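Just the heavy atoms: all of them, side chains too, but no hydrogens, waters or symmetry mates, feed the values below. This is a predicted model, so every value here is computed, not measured. Just so it is clear: chains get the letters A, B, ... in the order the sequence lines come, proteins before strands, and each one is counted from 1.
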2 protein chains.
Amino acid sequence: MAKLTMKEIAKLAKVSQSTVSRVINGNEKVNEDAAKRVLKVIEDVGYIPNSAAQTLKRSQSKIIGVCVTETYNPYFVELVDVLESEARKLGYSILLHNSKHNPITEWESIQNFIARQADGVICIPTGEYNLQRMNKLGIPTVIITQNHQSLDSVGLDHMQAGKIAAEKFIHAGHTKFGFIGTALDDKFLGYKSVLYENGFDFDLNNFIRVEEASTNNYLIRQDIESYLKEKKEQLDFTCIFAGNDLVALEFLEMAQERKIRIPEDISLIGFDDTYLSKIMGISSIHQPIEDMVKTTLEVLLNRIENEVSTEKVNIKLDPVLIERTSSNYKKS
Amino acid sequence: MAKLTMKEIAKLAKVSQSTVSRVINGNEKVNEDAAKRVLKVIEDVGYIPNSAAQTLKRSQSKIIGVCVTETYNPYFVELVDVLESEARKLGYSILLHNSKHNPITEWESIQNFIARQADGVICIPTGEYNLQRMNKLGIPTVIITQNHQSLDSVGLDHMQAGKIAAEKFIHAGHTKFGFIGTALDDKFLGYKSVLYENGFDFDLNNFIRVEEASTNNYLIRQDIESYLKEKKEQLDFTCIFAGNDLVALEFLEMAQERKIRIPEDISLIGFDDTYLSKIMGISSIHQPIEDMVKTTLEVLLNRIENEVSTEKVNIKLDPVLIERTSSNYKKS
DNA sequence: CTGTTAGCGCATTCAA
DNA sequence: TTGAATGCGCTAACAG
């Protein structure tokens, strides 16, 4: 099946090539009879318009470039999944890239999106590295799952998530608090602030630091082990909030190996509410993926369609704690 | 940053547009001085060639369309991940679609790939539905993770996987065998055949049927529950091989709830060797993802570059059993 | 309502 | 070595 062009369809249907274009795009009036003929030929030969040509002509590709940082976390997988199906409903295809937390790769991806004339970009940034450049791109871009003032963004209120976790722990009667995650995380800030407001202290010795780059079980485990080694296996907290479910999971496994009971000895709350937490019975803070995706797409399409460069939009969605067994324990 | 074209680069560098094209593509000789100027301008203004135009002109898009059936199974996620990074190394971008096991969606995706002038297609088919049509597409296509004689394919030897599981169980002293998975699965055939060869019978009452469409924990669980109900909660086997890790996981959870000990009461082997099995300690049959992806890409690129329509290639890779605790038990 | 024409941005042939 | 000219497949303005 050699590739057919409109010209050939036109010849077969005995009309001009522009008429074929008209019936395909269906905006202008075409003689009913001619239209039928054209449609039949298209059907018969299985003609599909060349979108490279359309893109060139229309200066519009109907492509959205999506760049994520990893797919190890099931949360991102679901995000991409929803993104793809929602975008498809709106007539867009997804060009998917995975930066693997590498800013250089990220930038290459963005360049690729530009080269391919993507109408818009949705990005989970690797950090601040490329944000400025992205801003000057001249292509609508929205950040998802995070908030950055310099660009349109829709994320979760991470600060609020931390607060919710802290409140839960405080209400359950805990007095010694732990945190496990990356160094710079609004969740930690929110967590800590609620502790202070309630007269508690956060002891930095109870911060188990996980590297940004620790994106798989094994690496996270190493971070935990090295913490334990440093602390001579002594844990001085009765509850802990984890920056994401992967981290929560590894903490849980580590605890089980050491006969630390969850939640009796240590209560645990994770983040993302992926099925990892579901299968392991880990309480977790839920991110509304569908909402987030739909909102993101709305913001993006709005930028694509009305290029009025109004102020940046920064939307923060609300987190919800999903309670499971890992935090189901009240201190006397 | 308005979008720049070659023409404008040419003007800025005081050369003709074709010269700019020459220095970018670098095949033809260009005056060294002029080349330098062009490169500088490109660098300065951040020019990126419009690949829609290139695609149109070259009849080559450097896009590979990838259509998977789901991303719920982490195995597919990893597959896509590796696919993307390997394809990128080879200068290709991935257009990713998710058919969600719907043949209509699948066909739409393929059409989209054609419209976008994809140079090749890699597909995990939803079934036999679109295979014939795909074959007549005139665009190189290879099936991954499955084998179909009518198209190029690279998959695992599922039959062999079933055999390995059966052998393991037989050697461990089992005499009553179970299987959980979809109805038509070569793994089951392999499994059964080894049982027969060794003088055992497979009792179809021990086949827990999971629907093809049961692609998440909840649906799988329903299939299991309805089986248990039918059998009045009586399980007449001491070992079971699961068609994939998700299914194995649900079986495990169901068993735990019912105080059925794994592996003491029932030994379990899963399939795919995803991290689900790793975190749950489920023995599982490993699929060599990297091998599979690289081989697939090799086959595909070979088709793209030399359109010699030789015989179909059907490659079957070897499965390997990764033993964990869920099968670590010898019947006396 | 329809055909002719121009041109999107680029690679490439042909002259110079 | 280089510029001018052509055309990839399509949309859209224009003239009929």
Side-chain angles (χ1 to χ4, degrees), chain A residues 1-39 41-42 45-63 91 111-112 114-119 138-139, chain B residues 1-39 41-42 45-63 111 114-119 138-139:
Chain A
M1 194 171 98
K3 285 204 183 133
L4 292 165
T5 70
M6 251 178 165
K7 216 201 290 193
E8 314 184 64
I9 304 299
K11 202 189 292 172
L12 290 172
K14 300 191 194 315
V15 291
S16 76
Q17 183 252 24
S18 36
T19 297
V20 176
S21 175
R22 288 187 184 103
V23 345
I24 286 178
N25 294 300
N27 342 329
E28 287 176 67
K29 293 234 168 291
V30 176
N31 175 292
E32 208 174 302
D33 209 58
K36 249 184 219 159
R37 260 181 353 234
V38 170
L39 257 9
V41 173
I42 288 178
V45 303
Y47 166 74
I48 301 174
N50 180 330
S51 47
Q54 292 179 321
T55 297
L56 191 58
K57 188 68 202 175
R58 291 177 173 154
S59 307
Q60 184 210 72
S61 62
K62 287 288 177 181
I63 284 181
Q111 309 252 94
N112 187 259
I114 296 176
R116 301 225 178 257
Q117 310 302 106
D119 296 335
I139 167 174
Chain B
M1 192 171 101
K3 284 201 183 136
L4 293 166
T5 70
M6 253 178 172
K7 217 202 284 192
E8 316 185 62
I9 303 299
K11 202 188 292 173
L12 290 171
K14 303 194 191 311
V15 292
S16 76
Q17 178 258 354
S18 30
T19 297
V20 176
S21 175
R22 287 187 185 104
V23 346
I24 286 179
N25 295 300
N27 342 333
E28 287 175 67
K29 294 232 169 291
V30 176
N31 175 292
E32 210 174 300
D33 209 58
K36 251 184 216 161
R37 260 180 345 216
V38 170
L39 255 10
V41 172
I42 289 178
V45 302
Y47 167 75
I48 300 174
N50 180 330
S51 47
Q54 291 180 320
T55 297
L56 192 57
K57 188 68 203 176
R58 294 177 170 152
S59 307
Q60 185 209 69
S61 62
K62 287 289 179 181
I63 283 181
Q111 309 252 96
I114 295 176
R116 301 224 178 257
Q117 311 302 106
D119 296 335
I139 166 173

Undergrad: To the nearest angstrom, how far is K7(A) atom NZ from dT11(D) atom P?
TA: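 Spelled out: NZ on K7(A) to P on dT11(D) is 15 Å.
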Undergrad: If you assign V15(B) and R58(B) each to the DNA chain D nucleotide with the nearest heavy atom, which residue ends up on the more 5' nucleotide?
TA: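 Nearest-nucleotide comparison on DNA chain D picks V15(B).
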Undergrad: Using a cut-off of strictly less than 4.0 Å, decide whether Y47(A) has a side-chain nitrogen or oxygen near OP1 or OP2 of dG9(D).
TA: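 Looking at the OP1 and OP2 atoms of dG9(D), neither is under 4.0 Å from any side-chain N or O of Y47(A).
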Undergrad: Quickly work out the N50(B) CG to dC8(D) C1' distance and round it to whole Å.
TA: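 Answer to the nearest Å: 13 Å.
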Undergrad: For R116(B) and dG9(D), what is the distance between atoms CZ and C1' respectively, to the nearest whole Å?
TA: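 The answer, rounded to whole Å, is 15 Å.
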Undergrad: Using atom CG of L56(A) as one end and atom P of dG7(D) as the other, report the distance to the nearest whole Å.
TA: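 In whole Å, dG7(D) P and L56(A) CG are 17 Å from each other.
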Undergrad: So, N50(A) side chain and A52(A) main chain: donor-acceptor pair closer than 3.5 Å or not?
TA: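 Indeed, once roles are kept as given, a pair shorter than 3.5 Å links the two residues.
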Undergrad: Can you list, in residue-number order, the parts of residues 16-32 of chain A that come under 4.0 Å of DNA chain D, counting heavy atoms only?
TA: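 DNA chain D contact set from residues 16-32 of chain A: Q17(A), S18(A), S21(A), R22(A), N25(A).
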Undergrad: Between E8(B) (CD) and dC8(C) (P), how many Å, whole number?
TA: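 So the two atoms are 10 Å apart, to the nearest Å.
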Undergrad: Within the modelled atom types, does a donor on one side and an acceptor on the other bring the side chain of K57(A) and the base of dG7(C) under 3.5 Å apart?
TA: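 Yes, a donor-acceptor pair under 3.5 Å.
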Undergrad: Write down the atom of K62(A), the atom of R116(B), and the distance for their closest heavy-atom approach.
TA: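 Shortest heavy-atom separation between K62(A) and R116(B) comes out as O-NH2, 3.1 Å.
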Undergrad: Hey, does the side chain of N31(B) reach the backbone of D33(B) with a donor-acceptor pair shorter than 3.5 angstrom?
TA: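 Pair found, side chain donor or acceptor close to backbone of D33(B).
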Undergrad: Taking atom C1' of dG9(C) as reference, at what distance in whole Å does atom CD1 of I42(B) sit?
TA: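 Going from I42(B) (CD1) to dG9(C) (C1'), I get 14 Å.
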Undergrad: Tell me the closest heavy-atom pair linking E28(B) and R22(B), and the distance in Å.
TA: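 Smallest heavy-atom distance, with atoms named: OE1-NE, 3.3 Å.
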Undergrad: Quick check for you: to the nearest 0.5 Å, what is the distance between R58(A) atom CZ and D119(A) atom CG?
TA: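 Rounded to the nearest 0.5 Å, the CZ-CG separation comes to 10.5 Å.
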Undergrad: Rounded to the nearest Å, what distance is computed from the NZ atom of residue K3(B) to the C1' atom of nucleotide dC8(C)?
TA: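 From K3(B) NZ to dC8(C) C1': 12 Å.
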Undergrad: In whole Å, what is the span from the CE atom of M6(A) to the P atom of dA12(D)?
TA: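 Atom CE in M6(A) sits about 10 Å away from atom P in dA12(D).
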Undergrad: Looking only at side-chain N and O atoms, does S16(B) offer a donor or acceptor that is under 3.5 Å from a partner on T19(B)?
TA: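 Judged by distance alone, the side chains do pair up.
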Undergrad: Are side-chain heavy atoms of M6(A) and S21(A) found at a separation under 4.5 Å?
TA: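 Yes, at least one pair of side-chain atoms sits under 4.5 Å.
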